[in-house]
Number of protein chains: 2
Amino acid sequence: MSEPTDTPRPVPPSITAAWIGLMRAQRIVLAAIEADLKAAGLPPLGWYDVLLELARATEGRLRPFEIEKRTLLTQYNLSRLIDRLEGKGLVQKELSGEDGRGRWVVITQDGRAMQARMWTVYSRALSDHVGRKLDESSADALAGLLAKLTD
Amino acid sequence: MSEPTDTPRPVPPSITAAWIGLMRAQRIVLAAIEADLKAAGLPPLGWYDVLLELARATEGRLRPFEIEKRTLLTQYNLSRLIDRLEGKGLVQKELSGEDGRGRWVVITQDGRAMQARMWTVYSRALSDHVGRKLDESSADALAGLLAKLTD
DNA sequence: AGCGGGTACATGCTATTGCATCTATGTCGC
DNA sequence: GCGACATAGATGCAATAGCATGTACCCGCT
(Lines give C-alpha, C1' and ligand atoms only; values in the text may rest on other atoms or scores of the structure.)
Protein backbone atom coordinates (compact mmCIF):
# COMPACT_ATOMS: atom_id res chain seq x y z
CA MET A 1 0.00 0.00 0.00
CA SER A 2 1.17 3.47 -0.79
CA GLU A 3 0.74 6.40 1.55
CA PRO A 4 -0.77 9.08 -0.59
CA THR A 5 0.03 12.05 1.64
CA ASP A 6 3.70 11.13 1.71
CA THR A 7 4.12 11.07 -2.03
CA PRO A 8 4.17 14.22 -4.13
CA ARG A 9 1.58 14.39 -6.83
CA PRO A 10 2.75 14.86 -10.36
CA VAL A 11 1.34 18.29 -11.23
CA PRO A 12 1.13 19.12 -14.93
CA PRO A 13 3.35 22.04 -15.92
CA SER A 14 0.38 23.91 -17.33
CA ILE A 15 -1.28 23.82 -13.92
CA THR A 16 1.73 25.11 -12.05
CA ALA A 17 2.30 27.74 -14.71
CA ALA A 18 -1.27 28.93 -14.31
CA TRP A 19 -0.92 29.07 -10.53
CA ILE A 20 2.40 30.89 -10.56
CA GLY A 21 1.06 33.28 -13.16
CA LEU A 22 -1.97 33.92 -11.00
CA MET A 23 0.15 34.76 -7.97
CA ARG A 24 2.54 36.92 -9.93
CA ALA A 25 -0.06 38.81 -11.87
CA GLN A 26 -2.17 39.56 -8.84
CA ARG A 27 0.78 40.76 -6.79
CA ILE A 28 2.27 42.90 -9.51
CA VAL A 29 -0.96 44.54 -10.59
CA LEU A 30 -2.16 45.02 -7.03
CA ALA A 31 1.14 46.57 -6.02
CA ALA A 32 0.96 48.94 -8.97
CA ILE A 33 -2.57 50.01 -8.15
CA GLU A 34 -1.82 50.45 -4.45
CA ALA A 35 1.20 52.51 -5.37
CA ASP A 36 -0.95 54.81 -7.49
CA LEU A 37 -3.41 55.26 -4.65
CA LYS A 38 -0.67 56.01 -2.18
CA ALA A 39 0.97 58.44 -4.56
CA ALA A 40 -2.33 60.31 -4.65
CA GLY A 41 -2.44 60.40 -0.87
CA LEU A 42 -5.38 58.03 -0.71
CA PRO A 43 -6.05 55.03 1.53
CA PRO A 44 -5.53 51.42 0.47
CA LEU A 45 -7.82 49.42 -1.75
CA GLY A 46 -9.49 47.60 1.13
CA TRP A 47 -11.09 50.85 2.17
CA TYR A 48 -12.48 51.32 -1.31
CA ASP A 49 -14.03 47.88 -1.38
CA VAL A 50 -15.97 48.56 1.79
CA LEU A 51 -16.97 52.08 0.81
CA LEU A 52 -18.16 50.90 -2.58
CA GLU A 53 -20.33 48.15 -1.13
CA LEU A 54 -21.88 50.64 1.23
CA ALA A 55 -22.36 53.27 -1.46
CA ARG A 56 -24.19 50.72 -3.61
CA ALA A 57 -26.35 49.37 -0.81
CA THR A 58 -29.84 50.70 -0.26
CA GLU A 59 -29.69 53.66 2.13
CA GLY A 60 -25.92 53.30 2.20
CA ARG A 61 -26.02 50.80 5.00
CA LEU A 62 -25.02 47.19 5.49
CA ARG A 63 -24.44 44.81 8.35
CA PRO A 64 -20.81 43.84 8.90
CA PHE A 65 -21.47 40.22 8.02
CA GLU A 66 -22.90 41.30 4.69
CA ILE A 67 -19.78 43.32 3.92
CA GLU A 68 -17.73 40.34 4.95
CA LYS A 69 -19.35 38.11 2.36
CA ARG A 70 -19.05 40.64 -0.42
CA THR A 71 -15.42 41.52 0.17
CA LEU A 72 -13.80 38.30 1.39
CA LEU A 73 -12.40 40.17 4.37
CA THR A 74 -12.14 38.15 7.54
CA GLN A 75 -14.47 38.97 10.39
CA TYR A 76 -11.81 40.35 12.70
CA ASN A 77 -10.04 42.37 10.04
CA LEU A 78 -13.30 43.88 8.89
CA SER A 79 -14.25 44.74 12.45
CA ARG A 80 -11.11 46.78 12.81
CA LEU A 81 -11.23 48.25 9.33
CA ILE A 82 -14.68 49.59 10.13
CA ASP A 83 -13.24 51.18 13.25
CA ARG A 84 -10.61 52.92 11.15
CA LEU A 85 -13.20 54.10 8.66
CA GLU A 86 -15.30 55.40 11.51
CA GLY A 87 -12.26 57.12 12.98
CA LYS A 88 -11.86 59.05 9.73
CA GLY A 89 -15.55 59.91 9.64
CA LEU A 90 -16.20 57.87 6.50
CA VAL A 91 -18.79 55.58 8.08
CA GLN A 92 -20.90 55.55 11.20
CA LYS A 93 -21.92 52.60 13.30
CA GLU A 94 -25.46 52.30 14.53
CA LEU A 95 -27.07 49.74 16.76
CA SER A 96 -29.48 47.46 14.99
CA GLY A 97 -33.01 47.47 16.26
CA GLU A 98 -34.25 44.17 14.88
CA ASP A 99 -31.21 42.12 15.75
CA GLY A 100 -29.74 43.00 19.10
CA ARG A 101 -26.41 41.42 18.19
CA GLY A 102 -25.96 43.45 15.08
CA ARG A 103 -24.75 46.83 14.03
CA TRP A 104 -25.38 48.84 10.94
CA VAL A 105 -22.51 50.41 9.12
CA VAL A 106 -23.68 53.57 7.37
CA ILE A 107 -21.62 55.50 4.86
CA THR A 108 -21.36 59.23 5.48
CA GLN A 109 -21.20 62.04 2.97
CA ASP A 110 -17.46 62.18 3.51
CA GLY A 111 -17.39 58.46 2.87
CA ARG A 112 -19.19 58.85 -0.43
CA ALA A 113 -16.85 61.64 -1.41
CA MET A 114 -13.84 59.51 -0.56
CA GLN A 115 -15.18 56.60 -2.58
CA ALA A 116 -15.61 58.88 -5.57
CA ARG A 117 -12.19 60.40 -5.13
CA MET A 118 -10.59 56.99 -4.90
CA TRP A 119 -12.41 55.87 -8.01
CA THR A 120 -10.85 58.63 -10.08
CA VAL A 121 -7.43 57.22 -9.22
CA TYR A 122 -8.47 53.59 -9.20
CA SER A 123 -10.18 53.72 -12.57
CA ARG A 124 -7.12 55.30 -14.10
CA ALA A 125 -4.90 52.70 -12.49
CA LEU A 126 -7.11 49.91 -13.81
CA SER A 127 -6.91 51.34 -17.29
CA ASP A 128 -3.16 51.64 -17.03
CA HIS A 129 -2.32 48.33 -15.44
CA VAL A 130 -5.05 46.09 -16.81
CA GLY A 131 -6.81 47.80 -19.69
CA ARG A 132 -3.60 48.62 -21.49
CA LYS A 133 -2.47 45.00 -21.31
CA LEU A 134 -5.63 43.21 -22.39
CA ASP A 135 -8.11 43.84 -25.14
CA GLU A 136 -11.72 43.28 -24.22
CA SER A 137 -12.05 39.82 -25.60
CA SER A 138 -8.93 38.72 -23.76
CA ALA A 139 -10.31 40.25 -20.60
CA ASP A 140 -13.55 38.34 -21.05
CA ALA A 141 -11.67 35.13 -21.61
CA LEU A 142 -9.53 35.75 -18.55
CA ALA A 143 -12.53 36.48 -16.37
CA GLY A 144 -14.16 33.29 -17.57
CA LEU A 145 -11.15 31.14 -16.82
CA LEU A 146 -10.69 32.71 -13.40
CA ALA A 147 -14.32 32.09 -12.58
CA LYS A 148 -13.74 28.37 -13.07
CA LEU A 149 -11.27 28.47 -10.24
CA THR A 150 -13.69 29.85 -7.73
CA ASP A 151 -16.56 27.42 -8.15
CA MET B 1 -9.38 72.27 -20.41
CA SER B 2 -10.28 69.14 -18.52
CA GLU B 3 -8.45 67.91 -15.46
CA PRO B 4 -7.79 64.29 -16.19
CA THR B 5 -6.98 63.19 -12.65
CA ASP B 6 -10.25 64.54 -11.34
CA THR B 7 -12.43 62.64 -13.75
CA PRO B 8 -13.04 58.91 -13.47
CA ARG B 9 -12.09 56.91 -16.49
CA PRO B 10 -14.73 54.81 -18.11
CA VAL B 11 -13.45 51.28 -17.53
CA PRO B 12 -14.94 48.57 -19.73
CA PRO B 13 -16.87 45.96 -17.74
CA SER B 14 -14.73 43.18 -19.13
CA ILE B 15 -11.65 44.84 -17.65
CA THR B 16 -13.13 45.26 -14.21
CA ALA B 17 -14.50 41.74 -14.34
CA ALA B 18 -11.05 40.41 -15.15
CA TRP B 19 -9.50 42.39 -12.31
CA ILE B 20 -12.08 41.40 -9.74
CA GLY B 21 -11.83 37.81 -10.88
CA LEU B 22 -8.07 37.96 -10.53
CA MET B 23 -8.28 39.22 -6.97
CA ARG B 24 -10.96 36.78 -5.97
CA ALA B 25 -9.38 33.74 -7.56
CA GLN B 26 -5.97 34.43 -6.11
CA ARG B 27 -7.33 35.00 -2.62
CA ILE B 28 -9.59 32.00 -2.60
CA VAL B 29 -7.08 29.55 -4.02
CA LEU B 30 -4.25 30.90 -1.90
CA ALA B 31 -6.35 30.68 1.24
CA ALA B 32 -7.27 27.08 0.40
CA ILE B 33 -3.66 26.10 -0.18
CA GLU B 34 -2.44 27.85 2.95
CA ALA B 35 -5.16 26.12 4.92
CA ASP B 36 -3.97 22.74 3.65
CA LEU B 37 -0.41 23.52 4.64
CA LYS B 38 -1.45 24.67 8.06
CA ALA B 39 -3.63 21.62 8.55
CA ALA B 40 -0.56 19.50 7.87
CA GLY B 41 1.39 21.46 10.48
CA LEU B 42 3.61 23.05 7.87
CA PRO B 43 4.81 26.64 7.46
CA PRO B 44 3.27 29.13 5.02
CA LEU B 45 3.86 29.22 1.30
CA GLY B 46 6.41 32.02 1.50
CA TRP B 47 8.80 29.65 3.20
CA TYR B 48 8.38 27.17 0.39
CA ASP B 49 9.16 29.71 -2.28
CA VAL B 50 12.46 30.59 -0.67
CA LEU B 51 13.41 26.99 0.08
CA LEU B 52 12.60 25.93 -3.47
CA GLU B 53 14.74 28.65 -5.01
CA LEU B 54 17.60 27.64 -2.79
CA ALA B 55 17.13 23.93 -3.46
CA ARG B 56 17.26 24.60 -7.20
CA ALA B 57 20.28 26.89 -7.04
CA THR B 58 23.76 25.55 -7.63
CA GLU B 59 25.23 24.40 -4.33
CA GLY B 60 21.97 25.32 -2.63
CA ARG B 61 23.03 28.91 -2.11
CA LEU B 62 21.84 32.30 -3.25
CA ARG B 63 22.34 35.91 -2.29
CA PRO B 64 19.32 37.55 -0.68
CA PHE B 65 18.90 39.99 -3.56
CA GLU B 66 18.69 37.07 -5.97
CA ILE B 67 15.95 35.47 -3.89
CA GLU B 68 14.22 38.81 -3.79
CA LYS B 69 14.01 39.01 -7.58
CA ARG B 70 12.80 35.45 -7.98
CA THR B 71 10.11 35.60 -5.32
CA LEU B 72 8.83 39.18 -5.45
CA LEU B 73 9.34 39.46 -1.72
CA THR B 74 10.34 42.90 -0.50
CA GLN B 75 13.84 43.40 0.80
CA TYR B 76 12.85 43.91 4.42
CA ASN B 77 10.37 41.08 4.51
CA LEU B 78 12.87 38.72 2.97
CA SER B 79 15.53 39.76 5.43
CA ARG B 80 13.30 38.77 8.30
CA LEU B 81 11.97 35.66 6.64
CA ILE B 82 15.53 34.45 6.26
CA ASP B 83 16.04 35.06 9.96
CA ARG B 84 13.02 32.90 10.72
CA LEU B 85 14.24 30.16 8.40
CA GLU B 86 17.62 30.32 10.06
CA GLY B 87 15.99 30.15 13.47
CA LYS B 88 14.39 26.86 12.47
CA GLY B 89 17.66 25.54 11.09
CA LEU B 90 16.39 25.41 7.51
CA VAL B 91 19.02 27.76 6.10
CA GLN B 92 22.34 29.17 7.21
CA LYS B 93 23.78 32.58 6.56
CA GLU B 94 27.38 32.95 5.53
CA LEU B 95 29.45 36.03 4.88
CA SER B 96 30.29 36.57 1.26
CA GLY B 97 33.96 36.77 0.43
CA GLU B 98 33.82 38.56 -2.91
CA ASP B 99 31.30 41.18 -1.92
CA GLY B 100 31.80 42.48 1.57
CA ARG B 101 28.25 43.78 1.69
CA GLY B 102 26.70 40.47 0.87
CA ARG B 103 25.68 37.30 2.56
CA TRP B 104 25.05 33.87 1.22
CA VAL B 105 21.93 32.01 2.20
CA VAL B 106 22.58 28.28 2.14
CA ILE B 107 19.89 25.65 2.47
CA THR B 108 20.56 22.95 5.06
CA GLN B 109 19.65 19.28 4.92
CA ASP B 110 16.71 20.05 7.18
CA GLY B 111 15.76 22.77 4.75
CA ARG B 112 15.77 20.38 1.81
CA ALA B 113 13.73 17.91 3.80
CA MET B 114 11.21 20.60 4.68
CA GLN B 115 10.93 21.70 1.06
CA ALA B 116 10.21 18.12 0.04
CA ARG B 117 7.72 17.64 2.82
CA MET B 118 5.92 20.82 1.90
CA TRP B 119 5.80 19.78 -1.73
CA THR B 120 3.88 16.63 -0.89
CA VAL B 121 1.14 18.79 0.60
CA TYR B 122 1.47 21.65 -1.85
CA SER B 123 1.33 19.44 -4.93
CA ARG B 124 -1.80 17.79 -3.63
CA ALA B 125 -3.33 21.16 -2.85
CA LEU B 126 -2.51 22.41 -6.33
CA SER B 127 -4.14 19.37 -7.85
CA ASP B 128 -7.20 19.84 -5.69
CA HIS B 129 -7.68 23.57 -5.98
CA VAL B 130 -6.33 24.27 -9.45
CA GLY B 131 -5.94 21.03 -11.36
CA ARG B 132 -9.44 19.88 -10.60
CA LYS B 133 -10.92 23.13 -11.87
CA LEU B 134 -9.01 23.55 -15.13
CA ASP B 135 -8.12 21.16 -17.87
CA GLU B 136 -4.66 21.56 -19.30
CA SER B 137 -5.59 23.63 -22.29
CA SER B 138 -7.55 26.02 -20.09
CA ALA B 139 -4.58 26.24 -17.76
CA ASP B 140 -2.31 27.07 -20.67
CA ALA B 141 -4.71 29.71 -21.89
CA LEU B 142 -4.97 31.19 -18.41
CA ALA B 143 -1.21 31.28 -17.97
CA GLY B 144 -0.88 33.03 -21.32
CA LEU B 145 -3.44 35.68 -20.50
CA LEU B 146 -1.93 36.30 -17.08
CA ALA B 147 1.49 36.69 -18.62
CA LYS B 148 0.19 39.58 -20.68
CA LEU B 149 -0.54 41.43 -17.47
CA THR B 150 2.98 41.26 -16.17
CA ASP B 151 4.87 42.56 -19.19
C1' DA C 1 -38.95 29.91 31.70
C1' DG C 2 -34.51 27.60 31.10
C1' DC C 3 -30.99 25.09 28.55
C1' DG C 4 -28.05 24.14 24.47
C1' DG C 5 -26.20 25.51 20.55
C1' DG C 6 -25.52 28.88 16.94
C1' DT C 7 -24.70 33.75 15.05
C1' DA C 8 -22.80 38.63 15.27
C1' DC C 9 -19.31 41.25 16.53
C1' DA C 10 -15.30 42.79 19.55
C1' DT C 11 -10.79 42.37 21.55
C1' DG C 12 -6.20 40.92 23.89
C1' DC C 13 -2.15 39.09 22.30
C1' DT C 14 1.29 37.72 19.05
C1' DA C 15 3.21 37.61 14.46
C1' DT C 16 4.02 39.77 10.27
C1' DT C 17 4.21 43.78 7.24
C1' DG C 18 5.42 48.38 5.79
C1' DC C 19 8.17 52.36 6.16
C1' DA C 20 12.09 54.95 7.02
C1' DT C 21 16.50 54.89 8.04
C1' DC C 22 21.08 52.95 9.25
C1' DT C 23 25.53 50.57 8.48
C1' DA C 24 28.77 48.83 5.57
C1' DT C 25 30.77 48.17 1.39
C1' DG C 26 31.29 48.83 -3.63
C1' DT C 27 32.08 51.90 -7.91
C1' DC C 28 33.09 55.72 -10.53
C1' DG C 29 35.39 59.98 -11.63
C1' DC C 30 38.79 62.90 -10.59
C1' DG D 1 43.14 58.38 -2.48
C1' DC D 2 39.03 60.93 -1.83
C1' DG D 3 34.30 62.42 -2.40
C1' DA D 4 29.77 61.45 -4.25
C1' DC D 5 26.61 58.27 -5.17
C1' DA D 6 24.80 53.39 -5.63
C1' DT D 7 24.00 48.72 -3.76
C1' DA D 8 23.36 44.91 -0.04
C1' DG D 9 21.33 44.03 3.86
C1' DA D 10 19.58 44.98 8.77
C1' DT D 11 16.59 47.14 12.08
C1' DG D 12 13.49 50.37 15.20
C1' DC D 13 8.98 51.55 15.18
C1' DA D 14 4.18 51.94 13.86
C1' DA D 15 0.37 49.68 11.48
C1' DT D 16 -2.04 45.69 10.21
C1' DA D 17 -3.18 40.62 10.08
C1' DG D 18 -4.03 36.21 12.41
C1' DC D 19 -5.63 33.55 16.20
C1' DA D 20 -8.11 32.53 20.12
C1' DT D 21 -11.46 33.83 22.96
C1' DG D 22 -15.04 36.80 25.03
C1' DT D 23 -19.62 39.03 25.20
C1' DA D 24 -24.14 39.54 23.84
C1' DC D 25 -27.87 38.09 21.63
C1' DC D 26 -31.03 34.78 18.81
C1' DC D 27 -33.55 30.41 18.13
C1' DG D 28 -35.49 25.98 19.00
C1' DC D 29 -36.62 22.62 22.31
C1' DT D 30 -38.49 21.00 26.46
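Chain naming here is simple, since letters A, B, ... match the order of the sequence lines and numbering starts at 1 in each.
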Let me know the distance between [atom1] of [X] and [atom2] of [N], rounded to the nearest Å.
{"X": "B:E98", "N": "D:dG9", "atom1": "CD", "atom2": "P", "result": "12 Å"}
{"X": "A:L85", "N": "D:dT16", "atom1": "CG", "atom2": "P", "result": "11 Å"}
{"X": "B:N77", "N": "D:dG12", "atom1": "CG", "atom2": "C1'", "result": "15 Å"}
{"X": "A:I67", "N": "C:dA8", "atom1": "CD1", "atom2": "P", "result": "13 Å"}
{"X": "A:L81", "N": "D:dT16", "atom1": "CG", "atom2": "C1'", "result": "10 Å"}
{"X": "B:L95", "N": "C:dT25", "atom1": "CG", "atom2": "C1'", "result": "12 Å"}
{"X": "B:L72", "N": "C:dT17", "atom1": "CG", "atom2": "P", "result": "14 Å"}
{"X": "A:L73", "N": "D:dT16", "atom1": "CG", "atom2": "C1'", "result": "12 Å"}

Applied to residues 58-109 of chain B, the ring-ring contact (aromatic ring centres under 6.0 Å, His included) test, sequence neighbours excluded, yields none
Side-chain donor-acceptor pair present, A:D110, A:T108, cut-off under 3.5 Å = no
For the residue pair A:D99 and A:S96, confirm or rule out a side-chain donor-acceptor distance under 3.5 Å.
-> no
Roughly how far apart are A:Y122 OH and A:L37 CG, rounded to 0.5 Å?
-> 8.5 Å
Contact class for A:E34 (heavy atom, under 4.0 Å): base, sugar-phosphate, or nothing?
-> nothing
Salt bridge between A:K69 and A:E66, side-chain N to carboxylate O under 4.0 Å?
-> no
Which other residues end up in the same hydrophobic cluster as A:L72, if Ile, Leu, Val, Met, Phe, Trp and Tyr are linked when side-chain heavy atoms come under 4.5 Å apart?
-> B:I28
Ignoring the backbone of A:D99, work out which of C:dG18, D:dC25, D:dG18 is nearest its side chain.
-> D:dC25
Sorted by chain and number, sequence neighbours left out, side chain to side chain donor-acceptor pair (under 3.5 Å) with A:R24 holds for none
What string of B, S and - do you get for nucleotides 9-14 of chain C, 5' to 3', if B is base contact, S is sugar-phosphate-only contact and - is no contact with any protein heavy atom under 4.0 Å?
-> BBBBB-
Heavy-atom closest contact (B:P43 atom, B:M118 atom, distance) | O-CE, 3.1 Å
Residues touching DNA chain D, which here means a heavy atom under 4.0 Å, drawn from residues 41-59 of chain A | none
Kindly state each residue pair satisfying salt bridge (Lys or Arg N to Asp or Glu O under 4.0 Å) with at least one member in residues 137-151 of chain A, sequence neighbours excluded.
-> none
